[in-house]
Amino acid sequence: MATSQSSLITLLFVSFGFVLPALPKLVSSIGINYGQVANNLPSPENVVPLVQSIGVKKVKLYDSDPRVLRAFANTGVEFIVGIRNECLDKMQDESNAVAWVKENVQCYLPATKITTITVGNEILTGNNADMMENLLPAMQNIHAALISLGLDKQVGVTTTHSLAVLQTSYPPSGGAFRPDLREYISPILSFHSKTGSPFLINAYPFFAYKANPKQVSLDFVLFQPNQGIVDSASNLHYDNMLHAQIDAVYAALARLGYGKLPVHISETGWPSKGDEDEAGATPDNARKYNGNLMKLLSQSQKKGTPMRPDLDLDVYVFALFNENLKPGPTSERNYGLFKPDGTPAYQLAASNGKESSAAGSGGGGGVAITPSPGDSSTSGFFNISSATGSLRCDRAIFFLGLLFLFLNLASH
C-alpha cells in the first residue's frame, strides 16, 4: 500500500510527539500562578519544560506541594509558596509555625528558590471572623520561625487580598479601604513596613467589565487603544483599568500612612470561556488582555503606574492551566494559558508583538505532548517535552535518521 511522503512525516511527528511551532516567551518580569484544582493535569516533572519553554522565572503556588518543589529544584525558577486558609488556626502555635517552615521551606532550600510565603488567600474578604483574627498572628509566627532558622533574609512573609478590600476605587486617587476592615488591615500594613514585605492584591478588570459591560469600555480593560480617563483630583491620565486599580490601592495605603509600601499583583488574568451572563469571556479577549499586558511590561521604559511611574510592576498572571474542578461559574475553570494537555488555550501575542498560533484545530505550540508510558495513573496525565531547545542531540539525530529512511522508502 503506497503511503505519501506527507503522511509519513505526519506519522513520525505524531509517533514521536514533536510539535514544532514555538510558544511566545513571557516577559521575564511576569510570574505565573500554578493552580492544581483539577484531576487531569500533567505531573509536576512534566510541567517543568513547559514553564521553561515560555521563559517563566517566577511561579506562585497556593500550597507547598512537595512534588512541585522537588521537580523544580536546580531550575532557577523562583517560588512563592502558600499556607492554606484552613491551616491558619494551627499557625497560632509558634512550634507549629517552626515545624511548617522546616517541612515546607527549609528542606527544599537552596536547590528550589523559595522567596516568599503567602499566609492565606483573600482572608479579609472571606467573612470568616476566626480566620480574620488569626491572619496576622499566623504571619508573625511564620516570620518568627524564619528568623529562628536564619531564613528571614531570603524568604519573606505576606498575604494576598482581593480588590474587594477597597470601599472606593474610583477615581484612583480616592482609593480607600473598607472601614470595617481597617482594624485588621492597619496592623498588617505595620507588619509589612517592619519586615519589608509587599502588599499583594488580586486585580481583575474582567470583573468590572462583567458587572457592567454597557458602561465599562472593553478597550479600556483590555489595554487596547482608547481615550482613557483623567482623575480630576490628581489630573493623572489612565489608559487602562489595571493601572487605575493598582493606583487606587496605593491611594488607600497612603490614607493609612503606608504610601511607600510596594504593591505587587499576585493575580490578574482573563477567562477564555464563560457562562451566558459572563460578558467578555472569550478566547480573543483573553488573548488581548494577557498579550497586551505582556507588551506593556516589556517596554524599555519604567513600567509603573501613573501614580508610581518609577516603580516597576511585579505581576503574576492567573493561571498556568485551566482547572476543571474549580467551583463557581464557567469562567473560573477557564483562566489558563494552557489546556491540561499542554496546548495553548488560545493564540497569545509574544513580547515582540508576534502571535503564536495553535497548530491545527486541536491546538499546538512549543511543547510536545505524548502519553507517559511510565505513568500508572489515568490517561489524563501527559509527558511534556520542550520543542524549543531541550531535545537531546542523540534523539534529534535518531529522529532525522528515521525521517530520511522513511522518505527514501516512500520514493520507491
Side-chain angles (χ1 to χ4, degrees), residues 26-35 44 47-48 51-52 55-84 87-88 90-121 123 135-161 187-202 258 260-267 311-317 320:
L26 298 191
V27 181
S28 60
S29 61
I30 288 185
I32 194 91
N33 282 275
Y34 180 5
V47 172
V48 173
V51 169
Q52 292 175 325
V56 166
K57 300 297 184 183
K58 299 186 295 183
V59 173
K60 177 172 164 284
L61 298 178
Y62 293 86
D63 54 18
S64 55
D65 189 336
R67 301 174 306 152
V68 175
L69 297 178
R70 284 194 296 265
F72 278 86
N74 302 309
T75 62
V77 175
E78 295 183 3
F79 270 86
I80 294 177
V81 298
I83 297 177
R84 292 186 176 277
C87 297
L88 295 191
K90 293 182 179 179
M91 296 304 108
Q92 306 306 296
D93 186 308
E94 294 179 2
S95 62
N96 287 342
V98 171
W100 190 93
V101 172
K102 286 182 177 179
E103 181 179 351
N104 297 278
V105 176
Q106 186 181 41
C107 67
Y108 299 105
L109 298 172
T112 304
K113 294 184 65 176
I114 300 173
T115 63
T116 307
I117 301 169
T118 56
V119 181
N121 182 53
I123 294 293
L135 178 56
L136 180 59
M139 294 171 67
Q140 292 170 327
N141 284 344
I142 290 295
H143 181 64
L146 290 169
I147 293 175
S148 69
L149 297 171
L151 300 176
D152 57 302
K153 302 302 181 184
Q154 62 186 105
V155 182
V157 178
T158 184
T159 186
T160 61
H161 302 283
I188 288 175
L189 298 182
S190 177
F191 172 86
H192 288 314
S193 181
K194 293 175 181 177
T195 62
S197 55
F199 186 85
L200 301 189
I201 194 78
N202 297 337
Y258 295 96
K260 294 184 179 181
L261 278 183
V263 174
H264 292 180
I265 311 307
S266 43
E267 288 183 20
L311 298 178
D312 288 348
L313 292 178
D314 192 295
V315 178
Y316 283 77
V317 172
L320 185 58

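Numbers for residues simply follow the sequence, beginning at 1.
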If you compare all heavy atoms of [X] against all heavy atoms of [Y], which two are closest, and at what distance to 0.1 Å?
| X | Y | result |
| --- | --- | --- |
| Thr112 | Ala73 | OG1-CA, 3.4 Å |
| Tyr108 | Pro66 | OH-CB, 2.9 Å |
| Ile117 | Ile142 | CD1-CG2, 3.8 Å |

Worksheet item: Mind checking whether His161 and Phe199 have parallel, tilted or perpendicular rings, split at 30° and 60°?
Response: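 The arrangement is parallel - the two ring planes meet at less than 30°.
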
Discussion item. Does Trp100 form a side-chain contact (heavy atoms from CB on, under 4.5 Å) with Val105? I'd like the steps, not just the answer.
Written reply: CA-CA 8 Å; Trp100 190 93; Val105 176; 3.8 Å; yes

Discussion item. The test is salt bridge (Lys or Arg N to Asp or Glu O under 4.0 Å); show your working for Lys113 and Glu78 and say whether it passes.
Written reply: CA-CA 5 Å; Lys113 294 184 65 176; Glu78 295 183 3; 3.8 Å; yes

Atom pair [atom1]/[atom2] of [X] and [Y] - distance to nearest 0.5 Å:
| X | Y | atom1 | atom2 | value |
| --- | --- | --- | --- | --- |
| Leu200 | Thr118 | CG | OG1 | 7.5 Å |
| Leu189 | Ser197 | CG | OG | 10.0 Å |
| Thr115 | Lys60 | OG1 | NZ | 12.0 Å |

Practice prompt. With sequence neighbours excluded, tell me which residues meet side-chain hydrogen bond (donor to acceptor under 3.5 Å, both in side chains) with Tyr258.
Written response: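 Tyr258 satisfies side-chain hydrogen bond (donor to acceptor under 3.5 Å, both in side chains) with no residue once adjacent residues are dropped.
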
Taking only distance into account, with no hydrogens and no angle test, what donor-acceptor pairs under 3.5 Å do side-chain atoms of residues 152-160 form with protein atoms, sequence neighbours excluded?
unit_1: Thr158; atom_1: OG1; unit_2: Pro198; atom_2: O; d: 2.8
unit_1: Thr159; atom_1: OG1; unit_2: Val119; atom_2: O; d: 2.7
unit_1: Thr159; atom_1: OG1; unit_2: Gly120; atom_2: O; d: 3.3
unit_1: Thr160; atom_1: OG1; unit_2: Asn121; atom_2: OD1; d: 2.5

Worksheet item: For Val51 and Phe72, what are the C-alpha separation, side-chain angles and deciding distance, and is it a side-chain contact (heavy atoms from CB on, under 4.5 Å)?
Response: CA-CA 10 Å; Val51 169; Phe72 278 86; 3.9 Å; yes

Discussion item. Filter on salt bridge (charged side-chain N to carboxylate O under 4.0 Å, His left out), then keep only pairs touching residues 94-108, sequence neighbours left out; what's left?
Written reply: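 Of all non-adjacent pairs touching residues 94-108, none passes salt bridge (charged side-chain N to carboxylate O under 4.0 Å, His left out).
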
Practice prompt. Quick one: do Phe191 and His143 satisfy side-chain contact (heavy atoms from CB on, under 4.5 Å)? Show the steps, please.
Written response: CA-CA 10 Å; Phe191 172 86; His143 181 64; 3.9 Å; yes

Worksheet entry | Short side-chain to backbone donor-acceptor contact, Asn141 and Met91, under 3.5 Å |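 Side chain of Asn141 to backbone of Met91: a pair is present.
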
Discussion item. Test your reading of the model: is there a side-chain donor-acceptor pair from Asn33 to the backbone of Val317, 3.5 Å cut-off?
Written reply: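 Judged by distance alone, yes, a pair lies under 3.5 Å.
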
Worksheet item: Could you walk me through whether Ser148 and Val98 pass the side-chain contact (heavy atoms from CB on, under 4.5 Å) check?
Response: CA-CA 8 Å; Ser148 69; Val98 171; 4.2 Å; yes

